[in-house]
Amino acid sequence: MNKNRLEHLAIIMDGNGRWAKQRSLKRTSGHEKGAETIRDITIYCANHQTIQTLTLYAFSTENWKRPKYEVAFLMKLLERYVRGELPTYQRENIRFMAIGDISKFSDSLRKSIADTEEKTRTNTKLTQILALNYGGRNEVVRAVQKVIDAHQEISEESIGEALDTPYENIDLLIRTSGEQRLSNYLLWQSSYSELAFTQTLWPDFSAMELDTIIHDFELRDRRYGGI
Ligand code: FPP
């Protein structure tokens, strides 16, 4: 039997707050530990034989509703991460990209994102995409607008090409922490994704568990509507 080939993996990293609460820590400690998990999982993916793209939901268009101090902390953590990861990206040959509407971010955060994107542009082992101020419906609306502005015909191809994500299909989408919903993430790209849900909270998620989920994915029967 042929195994399914995993090229594009997407993850909804959920449960940082609950992880911290269980330990009587501030929610922000959960986010800090979550950032460490991102590094471990990214390195695993870079060394995986077939994965080419890892798209991570790091900040949604709805996350602005969180308390001010938490949003401010996430912004700082994000900037520290995007700058601080550069040596890892270079060592591991990982390209970094951001998708979503980052126009609301500070100048300095946008500059960090642009710098790291530029410096890692030619890396080839893995593309790590952070979805930032990202919403799936918003992405589709912006893509349709781009097609209209370019006087192109509206079609699946033209809309697909106008999306933020350069790689249209997601093979496997994982959500941690027990919630079983997509929360406006990559709605177009997940049309035929295999879904996997785990109870594990994101800060506790490990390369070992990911490996198990991938083995299960490889054996699934993907029919894309056929028989
Ligand atoms: C969900 O946990 C987590 C997020 C807000 C997105 C992921 C953010 C990180 C992993 C932090 C670091 C990110 C980067 C890129 C440095 P939650 O707060 O919703 O958890 P809860 O549902 O248990 O409250």
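One-based numbering, in listed order, for ligands and for the atoms of each. Just the heavy atoms: all of them, side chains too, but no hydrogens, waters or symmetry mates, feed the values below.
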A.B. asks: Can you see whether T120 engages Q90 through a side-chain donor-acceptor pair at a distance of less than 3.5 angstrom?
C.D. replies: no

A.B. asks: With the criterion set at N/O pairs under 3.5 Å, what does the list of contacts between the protein and ligand 1 look like, atom names and distances included?
C.D. replies:
unit_1, atom_1, unit_2, atom_2, d
ligand 1, 2 (O), G15, N, 3.4
ligand 1, 2 (O), N16, N, 3.3
ligand 1, 18 (O), R27, NH2, 2.8
ligand 1, 18 (O), R66, NH1, 2.8
ligand 1, 19 (O), D14, OD1, 3.3
ligand 1, 19 (O), R66, NH2, 2.8
ligand 1, 20 (O), G15, N, 3.4
ligand 1, 20 (O), N16, N, 3.1
ligand 1, 20 (O), G17, N, 3.0
ligand 1, 22 (O), D14, OD1, 3.1
ligand 1, 22 (O), R18, NH2, 2.9
ligand 1, 23 (O), G17, N, 3.4
ligand 1, 23 (O), R18, N, 2.7
ligand 1, 23 (O), R18, NE, 2.7
ligand 1, 24 (O), R27, NH1, 3.0
ligand 1, 24 (O), R27, NH2, 3.3

A.B. asks: Who passes side chain to side chain contact (heavy atoms under 4.5 Å, CB included) against N4, sequence neighbours left out?
C.D. replies: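 Partners of N4 by the side chain to side chain contact (heavy atoms under 4.5 Å, CB included) criterion, ordered by chain and then number, come out as F217, R220, R222.
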
A.B. asks: With sequence neighbours left out, write down each residue that passes side chain to side chain contact (heavy atoms under 4.5 Å, CB included) with K111, or none if nothing qualifies.
C.D. replies: D115

A.B. asks: I'd like to check the side chain to side chain contact (heavy atoms under 4.5 Å, CB included) partners of R5; sequence neighbours left out, ordered by chain and number.
C.D. replies: E7, T50, Q52

A.B. asks: Does a donor on one side chain and an acceptor on the other come within less than 3.5 Å for Q152 and S158?
C.D. replies: no

A.B. asks: Would you say D40 and S206 are linked by a side-chain donor-acceptor pair, where the criterion is simply a distance under 3.5 Å?
C.D. replies: no

